[in-house]
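Note that these values count all heavy atoms, side chains included, but never hydrogens, waters or copies made by symmetry.
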Amino acid sequence: MSTAVVTGGCSGIGAATAAQVLTDFPDSSCALVDLVGGETATLIDRFGADRVAYFRCDVTDPESVAATASEIEGWRPGIRMLVNSAGIQIKQPTMDFEPEAWAKVMGVHLSGPLYWSQVAGRRMAALGGGAIVNLASVSMHFALPRRAAYACAKAAVGALTRTLAVEWAGLGIRVNAVAPGWIMTPLAMEAVERDGYDLDTAKAEHALGRFGEPAEVARVISFLLSDRASFVTGEVMNVDGGYTALKGN
């Protein structure tokens with residue numbers, strides 16, 4: 001029996017990942033870590049309250065992270081999998097980007113993965129190993145006007161992933177990341193409506209000619225968590241429907 005922790009696990013890619021992990025690892029339990037319960041009830045209905053539980057946590061606060069990890073251990077000991085999926089988006093012209101907004105985005109996307117990797121990593125090391133998957137973004141490869149904090153944080157997630165992978169390899173802990181392109185999440189659709197994106201133009205920027213679904217990212221995350229990826233660590237894997245390949249031409 002092992003426990004998976006998924007931050008941002010109550011919506012979007014996080015919720016899809018929780019469902020995929022519970023499906024692919026039938027002996028596992030999954031702790032949904034988020035600020036709101038979101039899809040918790042749906043996941044409990046599907047997989048049962050003995051395997052799924054919601055834990056409220058501010059990932060930017062190391063004390064909250066440590067306390068939540070202890071709560072999870074009290075519920076189901078044995079954290080061997082961690083997915084750092086919590087995310088927010090704040091869009092402002094870079095010249096006017098407010099310090100509070102910068103700190104908030106960096107806190108959720110970079111500090112949160114560090115804090116959770118620290119507390120989960122200690123537990124994994126004591127158990128002889130585990131696997132961590134961080135959420136990066138294809139925005140780490142390209143200019144992203146008015147979203148400097150998000151792009152910088154995601155680029156830093158790549159650096160954090162590679163550093164932890166090398167530093168913790170001797171502890172039996174593999175650390176990888178996925179870098180999604182346009183994925184049909186509630187957060188992405190809010191941005192589309194708010195900013196008036198031309199969806200047909202955006203879809204045409206992908207070699208596959210469409211956006212991705214959360215489940216398509218979740219399947220890759222589940223693979224990276226599994227023993228099937230036993231010789232994979234320190235990688236940032238694009239899951240973007242050919243967006244990077246096409247845009248790089």
Side-chain angles (χ1 to χ4, degrees), residues 1-9 13-34 43 47 50-53 55 57 59 62 64-86 109-136 156-180 217-239:
M1 178 66 77
S2 63
T3 300
V5 175
V6 182
T7 75
I13 292 172
T17 297
Q20 193 68 51
V21 166
L22 289 161
T23 299
D24 292 346
F25 300 87
D27 293 331
S28 71
S29 300
C30 188
L32 310 176
V33 173
D34 215 320
L43 289 167
F47 296 101
D50 58 326
R51 297 187 65 201
V52 184
F55 297 86
C57 176
V59 300
S64 179
V65 171
T68 303
S70 295
E71 278 188 71
I72 293 169
E73 286 284 347
W75 171 64
R76 292 286 186 274
I79 296 174
R80 286 188 176 272
M81 295 178 278
L82 168 66
V83 180
N84 286 305
S85 181
H109 288 282
L110 182 58
S111 298
L114 171 62
Y115 299 151
W116 265 107
S117 293
Q118 288 175 323
V119 299
R122 293 185 192 107
R123 288 162 169 81
M124 292 177 188
L127 293 171
I132 298 171
V133 179
N134 297 317
L135 266 290
V157 165
L160 178 65
T161 297
R162 289 184 286 268
T163 299
L164 296 185
V166 173
E167 190 172 341
W168 294 355
L171 300 173
I173 302 171
R174 294 184 301 101
V175 187
N176 291 289
V178 296
V217 182
R219 287 194 287 270
V220 178
I221 293 172
S222 183
F223 163 72
L224 291 172
L225 291 172
S226 76
D227 289 340
R228 292 171 294 168
S230 57
F231 201 54
V232 182
T233 197
E235 288 298 314
V236 180
M237 187 176 297
N238 292 334
V239 187

Show me the donor-acceptor pairs, under 3.5 Å and distance only, between side chains in residues 159-171 and residues at least two apart or in other chains.
unit_1	atom_1	unit_2	atom_2	d
T161	OG1	N134	ND2	2.9
T161	OG1	V157	O	2.8
T163	OG1	A159	O	2.9

Do C30 and R51 come within less than 4.5 Å of each other through their side chains, counting heavy atoms only? no
Could you tell me the separation between the CZ atom of F47 and the OG1 atom of T23, rounded to the nearest 0.5 Å? 3.5 Å
Minimum heavy-atom distance between I173 and G121, given as atom pair plus value: CD1-O, 3.5 Å
List the atom of M81, the atom of S2, and the distance in Å for their closest heavy-atom pair. CE-OG, 3.7 Å
N/O donor-acceptor pair under 3.5 Å between T3 side chain and R76 backbone: yes
Between M237 and V220, is there a side-chain heavy-atom distance shorter than 4.5 Å? yes
Do you know which of V65, I72, V6 makes side chain to side chain contact (heavy atoms under 4.5 Å, CB included) with V33? I72
In Å, rounded to the nearest 0.5 Å, how long is the span from CD1 of I221 to OG of S85? 6.0 Å
State the OG1-CG distance between T17 and L225, to the nearest 0.5 angstrom. 8.5 Å
Take atom CG in D50; do more than 12 heavy atoms of anything else shown fall under 6.0 Å from it? yes
Test side-chain contact (heavy atoms from CB on, under 4.5 Å) on T68 and V5 and set out the steps. CA-CA 10 Å; T68 303; V5 175; over 6 Å; no
Locate the shortest heavy-atom distance separating A18 from L43; write the atom from each residue and the value. CB-CD1, 4.1 Å
Is the side chain of E73 donor-acceptor paired with the backbone N or O of G78 at a distance under 3.5 Å, no angle test? yes
Taking all non-hydrogen atoms of both residues, which atom of V119 and which atom of A69 are closest, and how far apart? CG2-CB, 4.0 Å
Could you measure the distance from the NE2 atom of H109 to the CG atom of L114? Nearest 0.5 Å is fine. 15.0 Å
OG/S226 to CZ/F25 distance, rounded to the nearest 0.5 angstrom? 5.0 Å
Between N84 and W116, is there a donor-acceptor pair closer than 3.5 Å when you use the side chain of the first and the backbone of the second? no
Would you confirm whether R174, through its side chain, and L224, through its main-chain N or O, come within 3.5 Å as a donor-acceptor pair? yes
Can you tell me how far apart CZ (R123) and OG (S70) are? Round to the nearest 0.5 Å. 5.0 Å
Please check if the side chain of T7 supplies one atom and the backbone of A86 the other of a donor-acceptor pair under 3.5 Å. yes
Of all the heavy-atom pairs spanning R80 and G129, show the shortest one and how long it is. NH1-O, 3.1 Å
Measure across I79 and M124 and return the closest heavy-atom pair with its distance rounded to 0.1 Å. O-CG, 3.4 Å
